[in-house]
**Student:** 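Please see the structure below; I have some questions.
Here is the naming used below: chain letters follow the sequence lines, and residue numbers restart at 1 for every chain.
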2 protein chains.
Amino acid sequence: MTGPTSGTRPDEIRRHNRTALLRRLHVDGPSTRASLAAELGLNRSTIKALVDGLAEGGVVAERVPAQRSGAGRPSLLVLPQPHAAVVMTIDVRVEQVAMGFVGLGGEILGRDSWNLHHRTRDPGEVITHVVESAKLMADDLAVTAVGVGVSVPGVVRRSDGLVHEAPNLHWTNVALGKRLEAVLKLPVQVGNDSELGALAEHVRGAARASQDMVYISADVGVGGGVILSGAPLRGVGGYVGELGHMVVRPGGRRCYCGCDGCWETEVGEAALCRALGLPEDAPRGAVVAELKALEDVAKLDGFAEWLALGLVNVVNVLGPELVVLGDLYTSLPDSVVAYVSDVVQRRSLVSRAVGGTQIVTSPLGRDAKLLGAAELAFEPVLERI
Amino acid sequence: MTGPTSGTRPDEIRRHNRTALLRRLHVDGPSTRASLAAELGLNRSTIKALVDGLAEGGVVAERVPAQRSGAGRPSLLVLPQPHAAVVMTIDVRVEQVAMGFVGLGGEILGRDSWNLHHRTRDPGEVITHVVESAKLMADDLAVTAVGVGVSVPGVVRRSDGLVHEAPNLHWTNVALGKRLEAVLKLPVQVGNDSELGALAEHVRGAARASQDMVYISADVGVGGGVILSGAPLRGVGGYVGELGHMVVRPGGRRCYCGCDGCWETEVGEAALCRALGLPEDAPRGAVVAELKALEDVAKLDGFAEWLALGLVNVVNVLGPELVVLGDLYTSLPDSVVAYVSDVVQRRSLVSRAVGGTQIVTSPLGRDAKLLGAAELAFEPVLERI
C-alpha cells in the first residue's frame with residue numbers, strides 16, 4: 001500500500017509516504033502517530049520524521065490526545081491544518097451555482113450560492129460571477145486557494161475540462177476548464193456531477209466502506225456515478241456514462257437527448273412534480289416541502305415503480321453492493337426507499353447473486369457534488385504539498 | 001510496461017520480462033527479435049538471453065525470416081511452439097458443450113462437441129462427458145494440458161468457479177471449478193461466457209485495438225462482457241453484470257429472472273425465432289439457415305428496434321468506443337447491423353460525445369467463448385512456463 005510503483009530512490013519513497021500520510025489525514029481526520037504507523041505499514045521513526053517535517057511546514061499540528069487509551073506514553077494526535085491547503089470548489093447546477101472553499105481535512109470553510117435563470121445560465125455570466133464571488137470569499141476567509149474543482153451536470157472531457165454537452169444548462173462545447181484557468185490563474189479540474197457525487201460518497205459519505213458502488217441523483221436531470229473495484233468507471237476518452245438516459249419506457253415522453261422514455265423523464269424532478277400534483281417547474285423548496293408534508297404516499301407509487309425498474313437495470317448491469325440515492329432523492333419518504341430497495345432485492349438476478357445490493361440515501365445530501373469537486377481539486381494538491 | 005510493479009531483484013525482473021515476452025508471442029504470433037526488443041522496451045542482449053533460454057526449453061523456435069526487410073543482418077524470427085504449453089478449454093452452452101485443446105499462440109489443436117438435452121444438461125453428466133472426451137483427445141493429439149478454462153452462461157464466482165446461477169442450464173450453486181479440479185487434477189478457471197467472449201475479442205478478435213469495448217452475444221440467452229480502460233468490468237465479489245436482464249419493455253414477456261420485458265426476452269434466440277416465423281425452440285441450424293436465406297428483411301424490423309434500444313442503453317451507461325455482436329448475432333443480415341449502428345449513433349448521447357460508438361459483428365463467431373476460456377487458462381500458465 002505504501003510502496004512506490006516504480007523507482008526506489010529514497011526521496012521518491014519519502015514523497016510517496018508523505019502523500020499517503022497526508023491523504024489518510026485528509027480523508028480520516030485526526031489520527032494518532034501509532035494508528036498512522038499501523039495503517040500505513042510504516043515504522044514509528046518513519047512516521048515521526050514525516051510528521052515532524054509536515055508540522056514544521058504548518059501542514060499538521062500535534063497534541064496529546066484528551067482521552068488516553070491503555071497504559072504507557074500516549075501516542076500524539078496528528079491533526080491536519082485546514083488552512084495549510086485550501087481548494088475552491090464549484091457546483092454548477094441547473095438552477096443554482098454553489099461554491100465554497102474547502103480546507104485540508106475536508107471542512108467547508110465558507111460557501112456562497114446564487115440562483116441561475118435563463119440569462120445568467122450563460123457560461124460567461126457564470127464565470128464572471130464565480131470570479132467575483134471567489135475574490136470576496138477569499139478575502140473574507142483570509143485564504144488562498146491552490147486548486148479548483150468544478151462539478152457540471154453534463155458530459156465532460158476530464159483532460160481539459162471541456163463540457164461537451166450539458167443539455168439541461170443548454171451548454172455545448174464550453175471550454176470551462178480552460179476559461180476558468182485563464183481568469184483564476186489556478187489549475188482547474190472539471191468533472192461530471194454524478195461522478196463527483198460518487199467520489200464524495202466514497203471518500204466522506206455512505207460508501208466509505210464500499211469498493212463497488214453506484215451514486216444516483218436527481219437534480220433537474222438524473223445522473224449516475226459508478227465506482228467499481230475502488231476506481232471510478234469511465235468509458236473511452238474518460239467520459240462517464242449517462243445512466244439517466246437508459247430508455248426504460250419505450251414510447252414514453254420525449255427526452256431532449258433524442259430518445260423517448262429515458263429514465264430521467266420518468267424519475268427526474270419534473271416527473272416527481274407531476275406525481276405530487278405540482279407544476280413541472282415548481283421551485284425546489286416547494287417540492288421538498290411537499291415531500292416532507294406528504295400524507296398520501298400512494299401518490300408516489302408510479303414514480304417509485306420507475307425508480308425501482310431503473311435501479312434493477314443499474315444493478316443488473318454493474319453489480320454494485322451499494323447504491324446511494326442523492327440530492328433530491330434524499331427527500332423521498334422512507335417508505336419509497338424501502339419499496340425500491342425491496343424490488344431490487346427480489347427482482348435483480350445480480351443483486352441475488354451478490355448477496356443483496358443495499359440501497360440508501362446520501363448522508364451528504366446537496367453537498368455531495370460540492371465535496372466531490374473539492375476532492376477532485378485535492379488529488380494533485382496532496383501530491384505536491 | 002516491462003518494469004515490475006515492486007521489487008528489483010534481478011531474478012524477478014528476468015521472470016517479469018520473460019512473461020511479457022511470452023505473452024507478446026502468444027497474443028501476436030511470430031515476431032522478430034528486433035520488434036520484440038522495440039515493443040517491450042528491452043535491449044537486444046536482454047531479448048537474446050530470454051529467447052535463448054526459452055528456445056533451450058523448447059518453448060520457442062527461431063528461424064531466419066523468409067522475407068528480409070532492409071539491409072544488414074536479418075533479425076531472427078521467434079515462433080511460439082504450440083505444444084510447449086497446452087490448455088484445455090470448455091464452452092458449456094445451453095444446447096451444446098464444445099471443448100478443445102489450445103496451444104501457446106492460440107491455435108486450436110483439436111476440438112470436440114456434443115449436444116445437450118434435458119437429461120445430459122445435469123452438471124454431473126457434463127463433467128463425466130468432459131473427462132472422457134478430454135482423455136481421448138489428449139491421447140489423439142499427444143498433448144498434456146497444464147490448465148483448464150471453462151465458459152458458462154451464468155453468474156459465476158471467479159475465485160473458486162462456483163456457478164451461482166445459470167438459469168438457461170437450470171444450474172444453481174454448482175461447484176463446477178472444484179468438481180472439475182478434483183477429477184482432472186489440473187487448475188481450473190471458470191468464467192461467465194460473455195466476459196470470456198469479450199476477452200477473446202480483445203485478445204484475438206475485433207477489439208484488439210480497443211481499450212473500451214462491450215461484447216454482446218445471443219446464444220439462447222443474451223449476455224454482455226465489458227472491458228473498460230483495458231480491464232474487465234466486474235462488480236462486487238468479482239461478479240459480472242447481466243446485460244441481458246436490463247428491462248427494456250416494462251409489462252413485456254415474463255423472464256425467468258423475475259422481471260418482465262428483459263432485453264433477453266426481446267432479442268434472445270426465441271425472439272429471433274418468433275420474428276422469423278419459426279417455432280421458439282427451432283434448432284440453431286434452422287435459425288441460421290433461415291437468416292442466410294432471408295429475403296424479407298422487414299420481418300426483423302421489430303427485433304432490430306429492440307436490439308438497437310438495448311444497445312443505446314448499453315452505450316449510454318458504459319461509454320465504449322466499440323460494441324462487438326457475437327455468436328448468433330454474427331448471422332444477422334448486414335442491413336440489420338447497419339440499422340442498429342445508425343440508431344446508436346443518432347440516439348445515444350454518449351455515442352455522440354465519444355465521437356461515435358462503432359458496432360461490428362464478431363470475426364471469431366461461435367469460437368469466441370471457447371477462445372476466451374483458453375485465455376483464462378493461459379493467464380497463470382504464462383507466468384510459470
**Student:** Quick one: which of Leu322(A), Val350(A), Val315(A) has the most heavy-atom pairs under 4.5 Å with chain B, could you say?
**Tutor:**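 Heavy-atom pair counts peak at Val350(A).
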
**Student:** Is it the case that the side chain of Asn316(A) and the backbone of His245(B) share a donor-acceptor pair, with hydrogens and angles ignored and the cut-off at 3.5 Å?
**Tutor:**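 It does hold such a pair.
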
**Student:** Any idea which of Cys257(B), Gly261(B), Cys255(B) has the most non-hydrogen atom pairs under 4.5 angstrom with chain A?
**Tutor:**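 Answer, by heavy-atom pair count under 4.5 Å with chain A: Cys257(B).
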
**Student:** Are the side chains of Val236(B) and Gln211(A) in contact, using a 4.5 Å heavy-atom criterion?
**Tutor:**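 The answer is no; the side chains never approach within 4.5 Å.
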
**Student:** Are the side chains of Val226(B) and Val317(A) in touch, meaning some heavy atoms are under 4.5 Å apart?
**Tutor:**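 The answer is no, as the side chains (C-beta and beyond) never meet within the 4.5 Å cut-off.
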
**Student:** Side chains of Leu233(A) and Leu228(B), heavy atoms from C-beta outward: is any pair under 4.5 Å?
**Tutor:**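 Yes. Closest side-chain heavy atoms under 4.5 Å.
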
**Student:** Could you state the interatomic distance from CG (Leu349(A)) to NE2 (His164(B)), rounded to the nearest 0.5 Å?
**Tutor:**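 Here the rounded value is 7.5 Å.
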
**Student:** For chain B, find which of Val343(A), Leu243(A), Val314(A) contributes the most heavy-atom pairs closer than 4.5 angstrom.
**Tutor:**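 Looking at each of Val343(A), Leu243(A), Val314(A) in turn, Leu243(A) comes out on top.
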
**Student:** Tell me which of these, Ser210(B), Ala353(B), Gly241(B), has more heavy-atom pairs under 4.5 Å with chain A than the rest.
**Tutor:**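 Option with the top pair count is Ala353(B).
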
**Student:** Under a 4.5 Å heavy-atom cut-off, does chain B meet the side chain of Trp306(A), its backbone, both or neither?
**Tutor:**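 Side chain only.
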
**Student:** Dump the intermediate steps for side-chain contact (heavy atoms from CB on, under 4.5 Å) on Val354(B) and Val155(A), then the final yes or no.
**Tutor:** CA-CA 9 Å; Val354(B) 304; Val155(A) 182; over 6 Å; no

**Student:** If we define contacts as heavy-atom pairs under 4.5 Å, which of Gly258(A), Pro250(A), Gly237(A) has the most with chain B?
**Tutor:**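 Ranked by contacts with chain B, first place is Pro250(A).
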
**Student:** To the closest 0.5 Å, what do you measure between CG (Asp260(A)) and CZ (Arg347(B))?
**Tutor:**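 Rounded to the nearest 0.5 Å, the CG-CZ separation comes to 7.5 Å.
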
**Student:** In terms of heavy-atom proximity below 4.5 Å to chain B, should Arg352(A) be classed as side chain, backbone, both, or neither?
**Tutor:**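 Both parts, backbone and side chain.
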
**Student:** Just to verify, which of Asn313(A), Val312(A), Leu309(A) counts as forming a side chain to side chain contact (heavy atoms under 4.5 Å, CB included) with Cys259(B)?
**Tutor:**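 It is Val312(A), the one option of Asn313(A), Val312(A), Leu309(A) that forms the side chain to side chain contact (heavy atoms under 4.5 Å, CB included) with Cys259(B).
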
**Student:** Over all heavy atoms of both residues, which pair between Arg234(A) and Ser229(B) is shortest? Give the atoms and the distance, please.
**Tutor:**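 The pair with the smallest heavy-atom distance is O-OG, 4.3 Å.
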
**Student:** What option among Gly310(B), Gly238(B), Gly319(B) has the most heavy-atom pairs under 4.5 Å with chain A?
**Tutor:**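 Option with the top pair count is Gly319(B).
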
